[in-house]
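One structure is given below, encoded as structure tokens.
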Amino acid sequence: MELPNYKDVFKKDKIKTKKFELDPNYKLKYSGKKYFLKTYGCQMNEHDSENIKALLEEMGFTEVEEYKDADLVLLNTCSVRENAHNKAFGMLGRFKHLKEEKKDLVIGLCGCMAQEEGVIKEIKEKYKFVNFIFGTHNIADLPEILDRAINEGKQEIDVKTFSDEIIENIPVRRVSNFKAYVNIIYGCDKFCTYCIVPYTRGREHSRKKEDILREVEALASDGYKEVTLLGQNVNAYGHDLYNDYSFGELLEDVAKTGIPRVRFTTSHPWNFTDKMIDTIAKYPNIMPSIHLPLQSGSDKVLKSMGRRYTKESYLKLFDKMKSKITNCHISTDIIVGFPGETEEDFQETLDVVNHCNYDNAYTFIYSPRENTPAAKFKNQVDEKTKEERLQILNKLVNKYFLENNKKEEGQTLEVLVEGKNEKIDGYYGYSKEMKLVNFTGKNIKIGDLVNVKITKAKTWSLDGNAN
Ligand code: SAH
Ligand code: SF4
Ligand code: F3S
């Protein structure tokens with residue numbers, strides 16, 4: 001049993017790659033038992049859940065949609081903002097009620113919250129009904145931890161803060177059979193002062209390029225249409241493994257596999273190289289849709305956030321991307337109410353939004369996180385001001401979403417069909433530019449790439465017809 005320990009956060013060591021093998025003793029040991037898994041947070045967590053599902057299913061569990069029907073309930077949690085935290089604790093409360101009726105219910109928690117010292121302390125003291133916890137670095141230990149929790153009857157907590165291993169070949173049960181997430185780099189070394197991710201996900205560890213390319217090639221030959229390369233900061237790919245092979249080269253090799261659509265997230269504006277821009281511009285199967293988090297438009301705030309770029313250098317990069325990449329669409333993340341943010345600072349953020357007129361933006365109120373430097377900054381902004389700024393910002397970004405979407409009216413966009421839209425007796429999917437398109441048409445199959453003529457623009461989606 002290991003508990004999270006922030007002292008180990010800064011440890012770094014050479015990475016070993018190991019291959020996962022399921023201990024045969026666990027294989028189908030729990031056949032007939034049902035599990036419910038709820039996932040919070042980012043794509044990284046969604047992809048981890050695909051591994052977790054496959055592990056549970058190899059142990060014999062089958063998935064159910066309603067937690068009330070399950071013998072095992074598990075939360076894959078997110079720490080990035082307070083509300084993600086609260087949602088997970090709220091769900092634990094519901095599980096507690098269920099356990100009062102169903103004494104044998106097994107309750108587990110994993111993901112980023114498991115990496116927080118404070119969360120583990122609270123669970124040990126107040127949530128004794130939680131049976132087992134594992135962290136983001138030891139997903140592969142799930143079968144063993146769960147088996148122990150079930151058979152030994154005491155709370156099993158096993159969370160590593162430091163890991164020098166990448167485990168390949170963990171089984172995966174992908175949610176989709178036409179689009180897939182592929183991890184390329186784990187962890188984050190940027191330590192932006194507001195962000196908890198470097199503490200919950202550890203140091204930057206790149207997967208070997210051979211392992212990544214093998215995975216993409218297998219997906220392509222299985223008929224997958226789209227891969228999204230995942231990392232907290234994909235630009236950092238390779239620096240821990242290679243001298244002359246970084247994200248630009250990897251992106252090019254992934255594009256060369258011929259898979260129809262390549263996406264990646266997230267790229268930090270700080271080390272977005274010309275090689276990356278040139279590669280995106282060169283390969284038509286790299287989607288012209290880039291997520292470029294701004295966070296703030298004020299140099300003072302950016303400095304205090306530890307973002308390593310200025311308003312000017314961000315805008316220079318933005319303009320370069322727009323001029324070099326045909327049909328380039330850019331989305332962003334923005335935080336309002338960071339400690340010390342004045343009206344003038346906020347105005348600088350609005351200036352950047354006015355320059356960039358983003359195609360999409362995720363806007364957040366600053367949320368102080370355990371053990372991060374910014375949480376201890378003295379000049380916190382009051383809640384009312386934060387709320388007001390968020391509203392002003394949202395109004396502005398929404399205006400640009402609609403304006404940009406209007407430019408798509410009358411155009412034909414290629415859409416990857418994701419599912420049915422019963423309301424319109426049609427379908428929905430995403431265009432290359434990452435626009436959500438609701439459309440009608442005949443002989444459409446989910447997972448196909450179809451051309452859709454756009455008939456109407458809305459703020460967050462487009463309507464169209466495929467015939
Ligand atoms: N690695 C990604 C970000 C992952 S977190 C990157 O650097 O772009 C996703 C987004 O959550 C961040 O871009 C940021 O806008 C937001 N975020 C992170 N910590 C936050 C906090 N403490 N309060 C509010 N928003 C936060
Ligand atoms: Fe967090 Fe910054 Fe790392 Fe993104 S780059 S995960 S915001 S510390
Ligand atoms: Fe949340 Fe962890 Fe992702 S904190 S945003 S689930 S890396």
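This one's a predicted model, so the numbers in the text were calculated from it and none came from an experiment. Nothing fancy with the numbering, it's 1 onward along the sequence. Order of listing sets the numbers, starting from 1, for every ligand and every atom in it.
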Flag the pair [X] / [Y] as yes when at least one side-chain heavy-atom distance between them is below 4.5 Å, and no otherwise.
X: I133; Y: Y127; answer: no
X: E116; Y: I196; answer: yes
X: Y224; Y: R174; answer: yes
X: L250; Y: I184; answer: yes

Considering only protein heavy atoms, which is closest to [atom], and at what distance to one decimal place?
atom: atom 8 (O) of ligand 1; result: P293 CG, 3.0 Å
atom: atom 9 (C) of ligand 1; result: D333 OD2, 3.8 Å
atom: atom 6 (C) of ligand 1; result: T266 CG2, 3.8 Å
atom: atom 1 (Fe) of ligand 2; result: C195 SG, 2.3 Å
atom: atom 7 (S) of ligand 2; result: Y194 OH, 3.3 Å
atom: atom 8 (S) of ligand 2; result: C192 N, 3.3 Å
atom: atom 22 (N) of ligand 1; result: S367 O, 2.8 Å

(request) Dump the intermediate steps for side-chain contact (heavy atoms from CB on, under 4.5 Å) on I392 and F346, then the final yes or no. (result) CA-CA 10 Å; I392 295 168; F346 178 58; 4.0 Å; yes
(message) Between H355 and D319, do the side chains contain a donor N or O and an acceptor N or O under 3.5 Å apart?
(response)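 There is such a pair (donor and acceptor under 3.5 Å, judged by atom type) between the side chains of D319 and H355.
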Only heavy atoms of [X], strictly under 4.0 Å: list the atoms of ligand 1 that pass.
X: R369; result: 22 (N)
X: R81; result: 11 (O), 16 (C), 17 (N), 23 (N), 24 (C), 25 (N), 26 (C)
X: Q295; result: 12 (C), 13 (O), 14 (C), 15 (O)
X: R307; result: 7 (O)
X: V80; result: 5 (S), 18 (C), 19 (N), 20 (C), 21 (C), 22 (N)

More than 12 heavy atoms from other groups under 6.0 Å of [atom1] on [X]:
X: K68; atom1: NZ; answer: no
X: K121; atom1: NZ; answer: no
X: K324; atom1: NZ; answer: yes
X: K208; atom1: NZ; answer: no
X: Y430; atom1: OH; answer: no
X: Y362; atom1: OH; answer: no

Under 4.0 angstrom from ligand 1, any heavy atom of [X]?
X: V197; value: no
X: I365; value: yes
X: N233; value: no
X: E82; value: no

(message) Below 4.0 Å, non-hydrogen atoms only: which portion of Y194 touches ligand 1? Side chain, backbone, both or neither.
(response)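 Contact part for Y194 vs ligand 1: both backbone and side chain.
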(request) Run the numbers on E63 and K34 for salt bridge (charged side-chain N to carboxylate O under 4.0 Å, His left out), then give the verdict. (result) CA-CA 6 Å; E63 189 176 15; K34 302 185 179 87; over 6 Å; no
(request) Decide yes or no on side-chain contact (heavy atoms from CB on, under 4.5 Å) for R369 and E82, but give the supporting numbers first. (result) CA-CA 7 Å; R369 309 312 299 132; E82 186 66 33; 3.1 Å; yes
(message) Would you say the rings of Y199 and F191 are close, in the sense that their centroids are separated by under 6.0 Å?
(response)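 Yes, the ring centres sit under 6.0 Å apart.
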Could you tell me, atom by atom, which parts of ligand 2 come under 4.0 Å of a heavy atom of [X]?
X: V197; answer: 6 (S)
X: H268; answer: 5 (S)
X: P198; answer: 8 (S)

(message) Could you enumerate the protein N, O or S atoms under 2.8 Å from atom 3 (Fe) of ligand 3, written like residue then atom name?
(response)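 Hits for atom 3 (Fe) of ligand 3 below 2.8 Å: C42 SG.
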(request) Could you tell me whether atom 2 (Fe) of ligand 2 has an N, O or S atom of C188 under 2.8 Å away? (result)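 Not a single backbone or side-chain N, O or S atom of C188 is under 2.8 Å from atom 2 (Fe) of ligand 2.
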(request) Could you pull out, from H291, M305, Q232, the option with a heavy atom nearest to atom 3 (C) of ligand 1? (result)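 Looking at heavy atoms only, Q232 sits closest to atom 3 (C) of ligand 1.
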(request) Without swapping roles, check the side chain of K225 against the backbone of K179 for a donor-acceptor pair under 3.5 Å. (result)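 Not at all, since once roles are kept as given, no pair shorter than 3.5 Å links the two residues.
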(request) Determine, stepwise, if the pair L294 / D333 fulfils side-chain contact (heavy atoms from CB on, under 4.5 Å). (result) CA-CA 6 Å; L294 168 69; D333 290 344; over 6 Å; no
(message) Tell me whether ligand 2 is touched by R307 - counting only heavy atoms on the residue side and a distance under 4.0 Å.
(response)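 Per 4.0 Å heavy-atom rule, R307 contacts ligand 2.
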